[in-house]
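Below you'll find the structure, written out as structure tokens, and then a few comments.
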Amino acid sequence: MRKYLNKSLLYQGDSKITLFLSIVYLVSFSLNKGMVDTYFNYYIRSYLYNQNYHINDIQLMFTSLGMFYLWIYLIICYLIIVGVHKRKKWSLLLSGPFSKLDIRKRELVLIIISLLVFLLSFIITVVQNIYLNYEIVSYIAEIKRMFLLDLIRVISIAIIIIGGLALLDSFFSNIYYVIGSIVFIFLYLLAILANLESLIYRYATSNRVFNLILDNIRSYLGGYSYYGNYVKRVLIISAALTIAGIILVLISKALTKHIYVENMNEGILLKFPKKAFKFMSITFPGMALAPLLSNLINEFYFSYRLSFNILFIIKLLIITGLSFISCYLLKMWDNNKKDIYY
């Protein structure tokens with residue numbers, strides 16, 4: 001009996017989200033069609049008739065813009081599937097014969113179905129363009145290999161995105177916190193890159209291995225290559241992303257037993273994410289302002305004569321000082337809230 005009840009969980013509340021998911025599916029189909037049509041109308045003809053193309057030159061259908069579409073698509077689908085009122089939904093389902101793991105499995109199954117719909121729309125569009133451009137495509141032996149590489153890249157990147165979303169959903173009590181965390185983590189990473197920009201540039205230009213890793217990541221996400229062994233590199237990176245995504249899903253599964261409905265009044269559910277996001281919140285103002293302030297100091301006081309190492313030390317001092325100020329202000333805010341409450 002429990003087996004059939006667990007199967008029925010898949011359909012709990014799905015009548016409310018079917019319309020929204022269908023709209024997202026149609027939009028994704030239109031974007032896939034536009035991207036693939038452009039690829040066949042422009043690149044395939046250029047590849048065939050342009051003599052400047054080298055035999056090892058590869059440009060796949062899914063560029064970095066396509067990967068951005070995929071990222072947005074999966075996030076929107078996940079938000080629709082999980083729902084806005086997480087506490088209310090979990091309370092309702094847990095009052096029946098369903099466990100917390102059953103709820104998480106339902107969400108995973110539905111997001112996998114959404115991924116399959118995306119892949120199906122992509123495959124249909126490619127097959128249609130191959131049929132319409134058969135005479136031209138018949139002269140290009142690499143078209144099948146390009147298509148398979150695109151599928152592998154899309155699947156592996158989708159798995160790591162789904163794993164990341166599942167992990168974040170284990171940390172937060174509602175969808176607003178998940179969206180906010182995605183934006184905040186993105187801004188925090190940009191701040192880190194802004195502070196390490198000069199060091200990364202110096203290291204990339206002086207270290208051949210590091211530079212090669214960056215080039216492989218850029219070519220993988222952009223779907224292009226101007227030298228050989230691209231297939232091997234795609235397979236290696238895709239395997240790494242797939243394994244990482246599966247590990248994230250397994251971690252989120254293990255964290256599910258620590259999720260309690262009574263704690264969903266709080267924004268962050270688990271202790272470690274609370275400490276991590278508190279640390280990020282304290283250090284973010286310094287991380288964001290350090291590049292600007294260090295450049296102003298270098299311009300007005302030293303006339304751009306400071307070395308990269310000295311500038312980096314100045315950035316660290318600015319980050320440390322502003323972090324102490326942020327920590328003090330945060331404690332004052334917490335104390336004021338406690339005084340108002342009591």
Taking side chain as C-beta onward, heavy atoms only, is I123 less than 4.5 Å from F147? yes
Could you tell me the separation between the CG atom of L115 and the CD1 atom of I155, rounded to the nearest 0.5 Å? 7.0 Å
Can you list, pair by pair, the side-chain donor-acceptor contacts under 3.5 Å of residues 157-167, counting residues two or more places apart and other chains?
none

Non-hydrogen side-chain atoms of I111 and E107 separated by less than 4.5 Å: no
Check for a donor-acceptor pair, side chain of R153 on one end and backbone N or O of S238 on the other, with a separation under 3.5 Å. no
Look at the aromatic rings of F62 and F122 and report parallel, tilted or perpendicular, splitting at 30° and 60°. perpendicular
Is there a path from Y73 to L26 through hydrophobic residues (I, L, V, M, F, W, Y) whose side chains come within less than 4.5 Å of each other? no
For residues V249 and S252, report the shortest heavy-atom separation together with the two atoms involved. O-OG, 2.6 Å
Do I310 and N298 have side chains that get closer than 4.5 Å, going by heavy atoms? no
Apart from L317 itself, residues in the same hydrophobic cluster as defined by side-chain heavy atoms under 4.5 Å: I313
Between S114 and Y78, do the side chains contain a donor N or O and an acceptor N or O under 3.5 Å apart? no
N/O donor-acceptor pair under 3.5 Å between N129 side chain and T125 backbone: yes
Taking all non-hydrogen atoms of both residues into account, name the closest pair between P291 and K315 and its distance. CA-CE, 4.2 Å
Should I17 and I72 be counted in the same cluster of Ile, Leu, Val, Met, Phe, Trp and Tyr side chains packed under 4.5 Å apart? yes
Stepwise side-chain contact (heavy atoms from CB on, under 4.5 Å) check, V36 with Q128: CA-CA 10 Å; V36 175; Q128 179 192 23; over 6 Å; no
With sequence neighbours excluded, residues passing salt bridge (charged side-chain N to carboxylate O under 4.0 Å, His left out) with K33: D37
Quick check: do C77 and Y25 have side-chain heavy atoms less than 4.5 Å from each other? yes
Quick one: does I325's side chain get under 4.5 Å of L322's, heavy atoms only? yes
Is any side-chain heavy atom of F312 closer than 4.5 Å to a side-chain heavy atom of N195? no
Can you hop from L119 to I124 via hydrophobic side chains spaced under 4.5 Å? no
Check whether N32 reaches the backbone of S121 with its side chain - one donor and one acceptor, N or O, closer than 3.5 Å. no
Apply the test side-chain contact (heavy atoms from CB on, under 4.5 Å) to residues L21 and I81: give CA-CA distance (whole Å), side-chain angles for both, the deciding distance (0.1 Å), then the verdict. CA-CA 8 Å; L21 285 177; I81 291 167; 4.3 Å; yes
Rounded to the nearest 0.5 Å, what's the gap from CD1 on I217 to CD1 on I237? Could you check? 7.0 Å
Heavy atoms, side chains only, cut-off 4.5 Å: are S326 and T283 in contact? no
Nearest atoms (heavy-atom pairs only) where G286 meets I319: O-CG1, 3.5 Å
Could you tell me the separation between the CG atom of D169 and the CG atom of L255, rounded to the nearest 0.5 Å? 11.0 Å
I need the S181 OG to F186 CZ distance, nearest 0.5 Å. 13.5 Å
Between I282 and S323, which heavy-atom pair has the shortest distance, and what is it? CG2-O, 3.2 Å
Find out whether L241 and Y220 are in side-chain contact, i.e. whether some heavy atom of one side chain is under 4.5 Å from a heavy atom of the other. yes
Check for me, please, whether L120 and L70 land in the same ILVMFWY cluster - side-chain distances under 4.5 Å, paths through other members count. no
Apply side-chain contact (heavy atoms from CB on, under 4.5 Å) to residues K253 and L108 and explain how you reach the verdict. CA-CA 10 Å; K253 178 183 176 182; L108 182 61; over 6 Å; no
Starting at CZ of F284, measure out to CD1 of I192 and round the result to the nearest 0.5 Å. 10.0 Å
Just how far is it from atom CZ of F20 to atom OG1 of T18, taken to the nearest 0.5 Å? 10.0 Å
S281 and P285: which non-hydrogen atoms are nearest, and at how many Å? O-CD, 3.3 Å
Is there a path of hydrophobic side-chain contacts, each under 4.5 Å between heavy atoms of I/L/V/M/F/W/Y residues, joining F29 to I113? no
